[in-house]
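In each ligand, atom 1 is the first atom listed, and ligand 1 is the first ligand listed. No hydrogens, no waters, no symmetry mates; every other heavy atom, side chains included, goes into these values. Note that the structure is predicted; figures quoted are calculated from it, not measured.
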Amino acid sequence: MANKELLQMQRQQFIEENGVIFLDNVSKSYSKGVPAIDRINLRINPGEFVFIVGDSGSGKSTLIKLLLRELTATKGNVYVMGNDLAVLKHRQIPRFRRNLGVVFQDFRLLSDRNVYDNVAFAQRVVQTPNSEIRRNVPAILATVGLAGKYKAKTNQLSGGEQQRVALARALVNKPSILLADEPTGNLDPKNSWEIMRLLEEINEQGTTVVVVTHNKEIVNSMQKRVVTMKKGIIVSDQEEGEYIDED
Ligand code: ADP
Ligand code: MG
């Protein structure tokens, strides 16, 4: 068997045994003193939808950055899609990230480009053939309800529309995991709900979805798994959970 296939089989087996996201006693310290993440254990299975909640400063974004391999753990092991991120080589990172979609609170779009180009860009960087890009981009824009806006400059769109472009960009390469760090933090309630419904739809089609949020109302009504962090520790992890307010 070819080496590559063997590796793929090993990854698949690891995912079945340990989850598509697996943190084994992970700590992250930025400097001496209190760690931002403190000996966390977390397993997320393929196809799950998980909310991460907790006060500001509790380590949620640090956790997301560890999963993206923007940061490396100080202690313990982080496994994503069967890859041990501590041993992932720099040249392997682009291929690894290709299977991860990510959305942030502040959209991070190319503001002087139109909607189409923002999404097509994600495909160009992974060298998708043009003929496929021309097929995929309109399809994904239709999924997020922006088919008619492909020519608009993103700085002329509303916040809700901008986040839908960001979501389309995150999804166009068909990632197995979507990570969203406070995706509705800058949106009004109506647009927040639209984004969450889209995340739910994407999840129903098989993508594993991890959403950091402060939106108590949405968390309480969506009945998903809720992981609550406090001072770098997971203090609660509930199926069909609720937003836990400490204060
Ligand atoms: P959250 O996303 O839950 O608000 P963060 O993960 O951003 O929390 O931050 C967790 C802790 O780590 C906080 O105490 C924060 O001040 C600290 N921290 C975050 N980023 C850095 C950084 N780049 N350098 C030093 N400390 C940081
Ligand atoms: Mg944060």
Please list the nearest protein heavy atom to [atom] with its residue and the distance rounded to 0.1 Å.
atom	answer
atom 3 (O) of ligand 1	K60 NZ, 2.7 Å
atom 27 (C) of ligand 1	Y30 CD1, 3.3 Å
atom 8 (O) of ligand 1	G59 N, 3.2 Å
atom 5 (P) of ligand 1	T62 OG1, 3.7 Å

Legend entry - Under-4.0 Å salt bridge between R197 and E200: yes
Legend entry - Lys/Arg N to Asp/Glu carboxylate O, R225 vs D237, below 4.0 Å: yes
Legend entry - Residue T62, metal the Mg ion (ligand 2), N/O/S under 2.8 Å: no
Inset, instruction - Assign the ring pair Y79 / F14 to parallel, tilted or perpendicular, where the plane angle (0 to 90°) is split at 30° and 60°. - result: tilted
Legend entry - For D55, atoms of ligand 1 separated by under 4.0 Å from a heavy atom: 3 (O)
Inset, instruction - With heavy atoms of A36 as the reference, note each atom of ligand 1 found under 4.0 Å away. - result: 10 (C), 11 (C), 12 (O)
I want to check something: taking the side chain as every heavy atom from C-beta on, are [X] and [Y] in contact at a cut-off of under 4.5 Å?
X	Y	value
M81	L100	yes
T228	I234	no
F51	V212	no
E240	K224	no

Legend entry - Contact with ligand 1 for G54, non-hydrogen, under 4.0 angstrom: no
Inset, instruction - Pick whichever of G57, S29, S61 has a heavy atom sitting closest to atom 14 (O) of ligand 1. - result: G57
